[in-house]
There are 2 protein chains.
Amino acid sequence: MAEIKKTPKSNTIIQVAEATGLSPATISRVLNNHPYVKEATKKKVLEMIEKLGYQRNNIASGLRSNKTRTIGLIVPRISMFFHAEVITTIQNILYKHGYNLTICQSGDSVDMEKDLIRALQSVRVDAVIAACTLHTTDFSPFDQLMASGTPLVFYDRVPVGKTSAMVIKGDDIQGGYLATSHLIEIGCRRIAHISGPLDCNLYQDRLKGFYNAMKIADLQVRKEWLFYHELTKENARIALKQIFEGPEIPDGLVADNDTTAIAALKFAKEMGLKVPQDLKIVGYSNDPRSEIITPSITTIEQYPDKMGEKIVEVLMARLQHKNMNPMEISTPTIMPVQLIRRLST
Amino acid sequence: MAEIKKTPKSNTIIQVAEATGLSPATISRVLNNHPYVKEATKKKVLEMIEKLGYQRNNIASGLRSNKTRTIGLIVPRISMFFHAEVITTIQNILYKHGYNLTICQSGDSVDMEKDLIRALQSVRVDAVIAACTLHTTDFSPFDQLMASGTPLVFYDRVPVGKTSAMVIKGDDIQGGYLATSHLIEIGCRRIAHISGPLDCNLYQDRLKGFYNAMKIADLQVRKEWLFYHELTKENARIALKQIFEGPEIPDGLVADNDTTAIAALKFAKEMGLKVPQDLKIVGYSNDPRSEIITPSITTIEQYPDKMGEKIVEVLMARLQHKNMNPMEISTPTIMPVQLIRRLST
DNA sequence: TTGTAAGCGTTATCAA
DNA sequence: TTGATAACGCTTACAA
């Protein structure tokens, strides 16, 4: 009683072979539904597998075949709404293709990211999907991964400049443009912009879109109303304080994420400013919070599910025909975005 | 030019052995920091590993040693705030212990959950951590996993009744009690309760807490104000409509998650009811949305990070001394919860 | 302290 | 259509 059982030896292909009177090779063929197996044999094997409760050892299979049917994913944090959605979509589609997904979080740390790349490499994932940290400027760990023959697709936060990896990104220039020109259209003339670190393509592009819109409207960009720190609640408050301590105050704010937009809303309330009357605010990402807050926040929708679908599509194409034209894969795919107008404007 | 390179043969322990003039066994010992290796030898090997850019093949290692240093995790969905937090904590601590985490989402589907268990088993994870689906009543796939020798820890959504797995759960009875008695204390007498499917321990327990508090206050529980459907926005509206179409309306609502509480807030606004004056609402989980909505929602904090820590602690203990007393591991660990009072009450 | 050699459970290459 | 056999890259007795 209450004895600790020894781990029962999990059964193998050989046991199935013996039980059916076939060879291990045939069992393996059935398992991989190889074409040259007689229907009757296949049926017999499948039944025996069921009966014995046999479970293929993917470790052994992976070692021999050099295919693990596992994809690694590196993401800053799964708690970010956009990423959670993308991941879920990826995982669901990948599952249909018979692939597993190993999800890793870098926590926006470059060192962690590097470690994770090594770890994934070391478990021999068949491919890697990555959204970089805010501060990744050295892509050599990723290059090394590719050099070892692992297909790599970047999404959302992608390398600035050339890369031989596949790239799927949102249209952040357009997003920045849409947000800004919307404010201009509804009457804003003094527009502030809280952006993120310019190491990151996201903020470079959104800023570019901002400049484009301002230029077209012939509006002046005030450097003292431009910020490039990590987009946290805390940093948002610091930036807002600085803006509103100045001699003049803005009538519009482009926030490059919804966390910042939400912080701005709160700040405005504390300052006694009415939104949208005194200050109009646009966020980015369509985080669920942006919809339920009062007033609800106008924001940029990025269609995470569409992005997830595209990522898998591109990846599967690559995994299936290894010898794809490298010119083709080096052109980034740009996914459309859209402005969702709400009560903050 | 534009030639596709053949995958370079990733290097092996044997190449490191040859390069250093040592045997593969010694290289392996260095890799596993085995005690019996001369310091000088170790240093030499490490340098060569660095020089060759050698990367241990964990697939091969796992096959031989029967240890993958990978833990599998099954969760309904990573987009749920509570789970995202727990997972992040688990992953960070596990990482320090040298373990990888494979995160899988069941999407609250029992079939998917079953498949995932098989998949994890098939990649030979060293252990599994799981929060069940809303509808898991048949735990035999989990039992089978354990029977194959894989340690298993359930958290949050755990089996009702006996299990030989380790169990870490929140104090949902207390949570339900706190929410309800808080409403009573501040004057509510007609309290409705939107709970979840009673297959799930969470809602069984929260309901129990609700009954306890009502009984102590000698208040009547009205069956027509009790709901047990999955806690979605849509179901919340259906329940609320039903409640408010009745002859009498409640002055307090216990919602068993924050999504429901938020939906109730919106519903009340549409009905022209003031919160908290006309209706007081308590949610569950302290989702970030509950804080930013107007009015902010009183809710039950579950301390996901503490739960994550506990999970890893228990798991590591188990992984280290395999022969732990089975009586000990079968007592569930119950984690404290707390009421966070906000403006909705 | 280090080396030799036998597997771990599959799959791939022949041959039958 | 099936079977024998040699890997895959590592760990681990056992020997030295």
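The chains referred to below are lettered A, B, ... by the order of the sequence lines, with proteins before strands, and numbering in each begins at 1.
In terms of position on DNA chain D, the residue among Pro24(A) and Glu39(A) whose nearest nucleotide sits closer to the 5' end is Glu39(A). Sequence order on DNA chain D of the closest nucleotides to Ile13(B) and Lys38(A) puts Lys38(A) first from the 5' end. Closest-nucleotide positions on DNA chain C for Pro35(B) and Arg56(A) were compared, and the one nearer the 5' end corresponds to Pro35(B).
Of the charged side-chain nitrogens involved, none lies within less than 4.0 Å of a carboxylate oxygen, so that Lys44(A) and Glu47(A) do not count as a salt-bridged pair. A salt bridge is defined here as a Lys NZ or Arg NE, NH1 or NH2 lying under 4.0 Å from an Asp or Glu carboxylate O, and Lys169(B) with Asp156(B) fails to meet this definition. A salt bridge links Asp108(B) and Arg157(B); the closest N-O separation between the charged side-chain nitrogens and carboxylate oxygens is under 4.0 Å.
Taking atom NZ of Lys67(B) as the reference point, atom P of dC10(D) lies 18 Å away to the nearest angstrom. Separating the CD atom of Gln55(A) from the P atom of dC8(C) is a distance of 20 Å, rounded to the nearest angstrom.
Considering only side-chain N and O atoms, Tyr36(A) lies nowhere under 4.0 angstrom from the phosphate OP1 or OP2 of dG3(D). The side chain of Asn58(B) contributes no N or O atom lying less than 4.0 Å from OP1 or OP2 of dC10(D). Not one side-chain nitrogen or oxygen of Ser23(A) sits closer than 4.0 Å to the OP1 or OP2 atom of dA4(D). Listed pair Ser28(B) / dT11(D) meets the phosphate criterion, a side-chain N or O lying under 4.0 Å from OP1 or OP2. In this model, the phosphate group of dC8(D) is not approached by any side-chain N or O of Asn66(A) to a distance below 4.0 Å at OP1 or OP2. Within the 4.0 Å cut-off from OP1 or OP2 of dG9(D), not a single side-chain nitrogen or oxygen of Arg64(A) is found.
Of the candidates dC10(D), dG3(C), dT10(C), the closest approach to any side-chain atom of Leu22(B) belongs to dG3(C). Side-chain proximity of Ala25(B) to the nucleotides dT11(D), dT2(C), dT4(C) is greatest for dT4(C). Side chain of Thr41(B), nearest nucleotide from dG9(C), dG9(D), dT1(C): dT1(C). The side chain of Leu63(A) sits closest to dG9(C) out of dG9(C), dT2(C), dT11(D). Listed nucleotides: dT12(D), dT11(C), dG3(D). Nearest to the side chain of Arg29(A): dG3(D).
Across all strands shown, Ile27(B) has no heavy atoms under 4.0 Å from either base or sugar-phosphate atoms. Here Thr26(B) lies in heavy-atom contact (under 4.0 Å) with sugar-phosphate atoms only.
With hydrogens and angles ignored, the 3.5 Å screen pairs a side-chain donor or acceptor of Asn201(A) with a backbone N or O of Val158(A).
More than 12 non-hydrogen atoms from other residues, nucleotides or ligands lie less than 6.0 angstrom from CG of Asn32(B).
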